[in-house]
Amino acid sequence: MPWKAIADPYRIWLSEIILQQTRVEQGLPYFERFVAAYPTVKDLAAARDEEVMKLWEGLGYYSRARNLLKAARMVATEYGGNFPDTDTGLRALPGVGPYTAAAIASFAFGQQVAVLDGNVFRILARFYNDLTPIDTGKGRKHYQKLVDMALGDASAKLFNQAIMDFGAMVCTPKRTRCSSCPLAERCGAYAAGTVGDLPLKEKKLKRRTRYFHFLVLADGEGRTIIEQRSGKDIWQGLYQFPLIETEQPNVETAALASQQDWPEWLPATALGFVRRSAPAKHQLTHQTIITVFHHFTWAEMISKIKGKTILKHNLLKNHAFPRVITRYLEEKSLLLDLF
DNA sequence: AAGACGGGGGG
DNA sequence: CCCCCAGTCTT
C-alpha cells in the first residue's frame, strides 16, 4: 500500500473508508484525488457536499461519501481536528464500524486490537477448516475470538497488516497460492481438500430487476434538465435525468406519458421525440437495472422547475452521476445531434 | 437477524 | 453468469 508507511490518522481513516468493499486497484486513484483535494481533515470538513460527491462519483456505496463528510466535520468541530485515538472513540464516527475502528486504532494509534475483515474470515475458516458461517452474528463473534487468540501479544499493527496482506496475496478467494503457502502444512482446509469451499455463508443473494427510462430533454439552446435522487433508494444524493420506472420491459416511448411517475411539470404534448437508446443492462449487487434513454426536444422549456436543475449540457460534468449515466454520457456522439 | 447499498474484476 | 471485495447502517 502506498499509504502503508503513513502514520497520519486522517489518511489511514480515508483509505479505510475508500477500501470498504472495494479493491485496492479500484480505490487507489480515489484516495489520491481526495488527498490532493483535501490534504487535512479540516480541508475535507470545509468542502461542499456536492464537491465530495463528485470526487466519489463512480466508486459506489455513496453513503460512504456522505458519512465521510459528516465524520470529517465531526472531527473538525467536536474534536478540534484530531481523530479519536481509541477503538471505542472511533466507532462514534459515522461510517466507522468494527473493522474500520480496529484498523485505524491499530495502524494509527498502536492500539492492541485485531481486525476482522473478509481476508481474516477466509484465512481463519480455512486454517481451522471451520464450517461456521461468516455472515451471522454468531459467526462474527466466533471468528473475532479466533483472531483475538491468534493475535495474542504480537504487535496488532504488524499482525493486522500481515494477515490482510496474506489474504490478498496467498490465501485469496480464488486461485489460492497453497503451493507456496508457508502455512499449508498446518492448514486444516488444505489437509481436508476444502480450501475452495471455505469460508461458508448462510445467506444467498436476492436480486430484483428494474426498468429505468431516463428522459433526456433538450431545448434549442443546449440546455437540459437533471434531478437529484433522494429517499431511500440507490444513488442517494447523485443526479440523473428525469426518471420513469416501469414494471415491465419494452415500454413504448409514447406510453411513458401515462405512467404514474411521469413528471407533472412536463407537458408530453410539447415534446418532440428524437430517439430512444437500445436497452442496456447494468448489474448492481442486489439489482439488475435495464436502462433506456429517451431523447426529446422541448422547444419552450420553462426556465425554473421546483426541485430540478436546468443547465447547459456541457456543464453536466460538474454534477455527480451514477455509472449508468456517466457511461452513457461517455458515448458523447449520441448527444451531439440533440444539443 | 435481514436487507440495502455500487461498481469492477475474476473465473 | 456468479462471487467477492481492507463493511456499515437501517429496519
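Order of the sequence lines sets the chain letters (A, B, ...), proteins ahead of strands, with each chain counted from 1. Note that the structure is predicted; figures quoted are calculated from it, not measured.
- The separation of dG6(B) from dT11(C), taken at their P atoms, amounts to 15 Å, rounded to a whole angstrom.
- The separation between Leu116(A) atom CG and dA6(C) atom C1' is 11 Å, rounded to whole Å.
- The same atom, P, is picked in dA6(C) and in dC5(B); the two are 23 Å apart, to the nearest Å.
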Please encode protein proximity along nucleotides 4-11 of chain B as a string of B, S and -, counting only heavy-atom distances under 4.0 Å.
-BBBBB-S
What verdict does the ring-ring contact (aromatic ring centres under 6.0 Å, His included) test give for Phe83(A) and Trp13(A), after you've listed the backbone C-alpha separation in whole Å, the side-chain angles of each residue and the deciding distance to 0.1 Å?
CA-CA 9 Å; Phe83(A) 278 84; Trp13(A) 164 73; 5.1 Å; yes
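- Remark: C1' of dA1(B) and CG of Asp135(A) are 11 Å apart, rounded to the nearest angstrom.
- Rounded to whole Å, the distance from CH2 on Trp56(A) to C1' on dT8(C) is 12 Å.
- Atom pair His282(A):NE2 and dC1(C):P shows a separation of 14 Å (rounding to whole Å applied).
- Using modelled atom types, one finds a donor on one side chain and an acceptor on the other under 3.5 Å when comparing Gln228(A) with Glu50(A).
- Follow the hydrophobic side-chain contacts under 4.5 Å out from Leu44(A) and you never reach Tyr61(A); the two are in separate clusters.
- Side-chain contact annotation: His213(A) with Thr246(A), donor-acceptor N/O pair under 3.5 Å present.
- Side chains of Arg122(A) and Asn119(A): a donor on one and an acceptor on the other come within 3.5 Å.
- Comparing Arg207(A) and Thr100(A) along DNA chain C, the residue whose closest nucleotide (by nearest heavy atom) sits nearer the 5' end is Arg207(A).
- Classification of the Trp56(A)-Tyr30(A) ring pair by plane angle, with boundaries at 30° and 60°, yields tilted.
- The number of heavy-atom neighbours closer than 6.0 Å to NZ of Lys203(A), taken from other residues, nucleotides and ligands shown, is above 12.
- Contact annotation: Lys201(A) side-chain N/O to dA2(B) OP1/OP2 distance is not under 4.0 Å.
- Between Asp49(A) and Arg73(A) there is a salt bridge, with a side-chain nitrogen of the basic residue lying less than 4.0 Å from a carboxylate oxygen of the acidic one.
- Base engagement by Asn119(A) is indicated by at least one non-hydrogen atom pair under 4.0 Å involving a base atom.
- Atom CZ in Arg140(A) sits about 11 Å away from atom P in dT8(C), given to the nearest Å.
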Dot-bracket pairing map - DNA chain B, Watson-Crick plus G-U, both contacts under 3.5 Å, | cross-strand:
|||||.|||||
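- Rounding to whole angstrom units, CD1 of residue Ile17(A) and C1' of dA6(C) are separated by 11 Å.
- Between the C1' atoms of dT8(C) and dG9(B), the separation comes to 23 Å (whole Å).
- There is a side-chain donor-acceptor pair under 3.5 Å between Thr194(A) and Asn129(A).
- Contact annotation for Val120(A): no contact, since no heavy-atom pair falls under 4.0 Å across all strands.
- Straight-line distance from the OH atom of Tyr99(A) to the P atom of dT8(C): 8 Å, rounded to whole Å.
- Rounded to a whole Å, the CG atom of Leu19(A) is 12 Å from the P atom of dT8(C).
- Using a 4.0 Å heavy-atom criterion, one finds that Arg122(A) contacts the sugar-phosphate atoms exclusively.
- Val120(A) and Phe159(A) fall within a single hydrophobic cluster, where Ile, Leu, Val, Met, Phe, Trp and Tyr are joined by side-chain heavy atoms under 4.5 Å apart, directly or via other members.
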